[in-house]
Amino acid sequence: MKAITDYENKKVLVLGLAKSGVNAALLLKRLGALVTVNDKQDFDDNPDAKQLLEDGIRVITGSHPLELLDEHFELMVKNPGIPYSNPMVERAQAKNIPIITEPELAYEVSQAPWIAVTGSNGKTTTTTLIGLMLNENRAKGRALDAGNIGIPASQVAQTATTDDEIIAELSSFQLLGITQLHPEIAVLTNIYEAHLDYHGDRAHYVAAKMRITMNQTADDYFVMNWDLPEMHDLAKQSQAQIVPFSRQHVAGARAYQSGDWLYFDDEAIIDVHDLQIPGDHNIENALAALTVAKLKGVKTADIVAVLQRFSGVKHRIQYVTTYEGRRFYNDSKATNVEASSVALTAFSQPIVLLAGGLDRGLSLDDLIPLVHDHVKQLVVFGQTADRLVAVGQAAGVPVTRVDTLQAAVPVAFNASDEGDVVLLSPAAASWDQFKNFEVRGDVFIDAVNALRKDGSH
């Protein structure tokens, strides 16, 4: 960790806890800052706040009191999930208090160079693949996954050395709070319509994603999905060397698919049939990851070894099990229509789809043709259940509504036949019934295992 003095005796407010807030607060204390943490969850039900208090950090819980900002803070470290429309954040902006997110703090103390990955879909899979490829037969140092993948970057950065690399998955929420963060390689997997309730409109969402390259120079690389025409224009905003990848073999791409093979700079790398993860989207993720690996000098044999054994990231079209000829997949991370669309087109087998969750008011119409073409039965739950019933009716597909995900699993099994895929891909966030998408995915896996154990359906 760099021995920086920028935060000594600096009054810093950490707004919102969870993993990123806790680790930011602890790092700031280590750097000599005068830290105050403010979290809306009550203290009695807030183990993170209790731990920070024991560590000697001032903690204010239960609400976000605006008068707290009259204490002349010099910086706010904001939980990425708290929108800029939050009254506390708006008051801080009005007072000209700089606002950053936890990855920015991590970057400032990091001795290791950064590779940063963002995009609407595919971030976690691409980040994971890059880390595995860079660590395969590595002689010195480590590639360390961090960020939105679930491991706070401020925790990883404290132990990373100059021999390591930090492979950081960064969300649009996190990118809005960076100032100096400068990856030597940035990756933009794709951009679709997402998180408009947070960003307001698509233009602001795209601008947030493009902050990943804002500090890059001509010595850096920006890996982009050349299959999306929008990327060709966005590339002009970057000072980095553009390294395109393309599943559709678009002209100019350095990594691409041609026939059944993936190539980099015209070198055949791997037959797509040897990939363990299904779907065209995962071909794109593999192309993005192998591009980074090639730029970092990883040998082709090591790239191939990783791609041949990697079977997916948990909650992202994760293969769970096969039971009585049905293959079960957990795609709980599909919190929007675009992500579920990717999953629905990943399989050639008939699909029994489990879907539903938080109703953000976004259109579900794009699901109708996909449900018509790929789904034999729809089982729905959660706040969006009524709207998904309408999707099924418009698609001409039978729909069953249930109250819970646990109830949906045996219903889905009974609607399936040998050779089918039973897929949880909710097309909605989890917060109506679950703490997060990970809990939702674990509930699905437990229900599938219970189905196997009980043998009753």
Side-chain angles (χ1 to χ4, degrees), residues 47 124-125 128 132 149-151 275-279 282 308-335 339-340 342-358 367 371 374-385 388-389 391-392 397-457:
T124 300
T125 297
T128 304
L132 292 171
I149 200 168
I151 309 167
L275 299 177
Q276 297 300 306
I277 43 179
N282 276 320
Q308 285 181 335
R309 70 170 183 263
F310 179 71
S311 59
V313 175
K314 193 174 184 182
H315 308 302
R316 292 156 178 85
I317 317 187
Q318 171 202 2
Y319 171 68
V320 177
T321 190
T322 297
Y323 176 53
E324 294 193 5
R326 288 84 161 164
R327 293 176 65 84
F328 289 79
Y329 285 87
N330 165 28
D331 190 37
S332 183
K333 182 60 170 67
T335 58
S340 289
V342 167
L344 290 172
T345 58
F347 301 99
S348 57
Q349 303 95 326
I351 296 171
V352 177
L353 176 65
L354 294 77
L358 183 73
L367 281 176
V371 169
H374 300 280
V375 176
K376 63 182 289 183
Q377 171 81 32
L378 189 56
V379 184
V380 301
F381 53 90
Q383 287 182 4
T384 57
L388 286 165
V389 167
V391 167
V397 170
V399 186
T400 302
R401 177 174 179 165
V402 296
D403 292 334
T404 66
L405 175 55
Q406 293 94 322
V409 171
V411 171
F413 177 85
N414 288 331
S416 66
D417 295 302
E418 188 172 343
D420 290 350
V421 164
V422 179
L423 170 68
L424 169 67
S425 191
S430 59
W431 304 318
D432 60 334
Q433 294 182 325
F434 302 96
K435 180 181 179 181
N436 52 47
F437 73 84
E438 292 97 339
V439 172
R440 178 169 64 186
D442 288 339
V443 166
F444 174 71
I445 293 170
D446 289 344
V448 172
N449 290 332
L451 186 78
R452 296 193 60 172
K453 181 179 179 181
D454 295 344
S456 56
H457 21 267

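In this text the structure is predicted, and so the values were computed from the model without any measurement.
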Inset, instruction - Run the numbers on L388 and V399 for side chain to side chain contact (heavy atoms under 4.5 Å, CB included), then give the verdict. - result: CA-CA 8 Å; L388 286 165; V399 186; over 6 Å; no
Inset, instruction - Please answer whether the main-chain N or O of S416 pairs with a side-chain N or O of R326 as donor and acceptor at a distance below 3.5 Å. - result: yes
Inset, instruction - Evaluate whether atom CG of D417 has more than 12 neighbouring non-hydrogen atoms of other residues, nucleotides or ligands under 6.0 angstrom away. - result: yes
Legend entry - Taking every non-hydrogen atom, the tightest pair across T125 and F310: CG2-CE2, 3.9 Å
Legend entry - Test log, rule side chain to side chain contact (heavy atoms under 4.5 Å, CB included), inputs F413 and E324: CA-CA 10 Å; F413 177 85; E324 294 193 5; 3.4 Å; yes
Inset, instruction - Identify the two heavy atoms, one from A339 and one from D331, that lie closest to each other, and give their separation to 0.1 Å. - result: O-OD2, 4.1 Å
Inset, instruction - To the nearest 0.5 Å, tell me how far H374 NE2 sits from L344 CG. - result: 6.5 Å
Legend entry - Distance-minimising heavy-atom pair for P398 and Q377: CB-OE1, 3.3 Å
Legend entry - Gap separating the NZ atom of K435 from the CZ atom of R440, nearest 0.5 angstrom: 15.0 Å
Legend entry - Minimum heavy-atom distance between A408 and V379, given as atom pair plus value: CB-CG1, 3.7 Å
Legend entry - Heavy-atom closest pair, residues L354 and A412: CD1-CB, 3.6 Å
Legend entry - Any side-chain heavy-atom pair of Q318 and V313 under 4.5 Å: no
Inset, instruction - For the residue pair N282 and L275, establish whether any side-chain heavy-atom pair is separated by less than 4.5 Å. - result: no
Legend entry - Identified side chain to side chain contact (heavy atoms under 4.5 Å, CB included) partner of F328 from the options V320, N449, T322: V320
Inset, instruction - Kindly indicate whether the side chain of K314, heavy atoms from C-beta on, has any atom under 4.5 Å from the side chain of D442. - result: yes
Legend entry - Over all atoms of both residues, closest heavy-atom pair of L367 and S340: CD2-CB, 4.3 Å
Inset, instruction - Report the distance from atom CG of N330 to atom OH of Y319, rounding to the nearest 0.5 Å. - result: 13.0 Å
Inset, instruction - First locate atom CD of Q433, then atom CG of L358, and finally report the distance between them rounded to the nearest 0.5 Å. - result: 10.0 Å
Inset, instruction - Decide yes or no on side chain to side chain contact (heavy atoms under 4.5 Å, CB included) for V421 and Y329, but give the supporting numbers first. - result: CA-CA 7 Å; V421 164; Y329 285 87; 3.8 Å; yes
Inset, instruction - Any chance you could measure I445, atom CD1, to H315, atom NE2, to the nearest 0.5 Å? - result: 6.0 Å
Inset, instruction - To the nearest 0.5 Å, tell me how far F437 CZ sits from S430 OG. - result: 8.0 Å
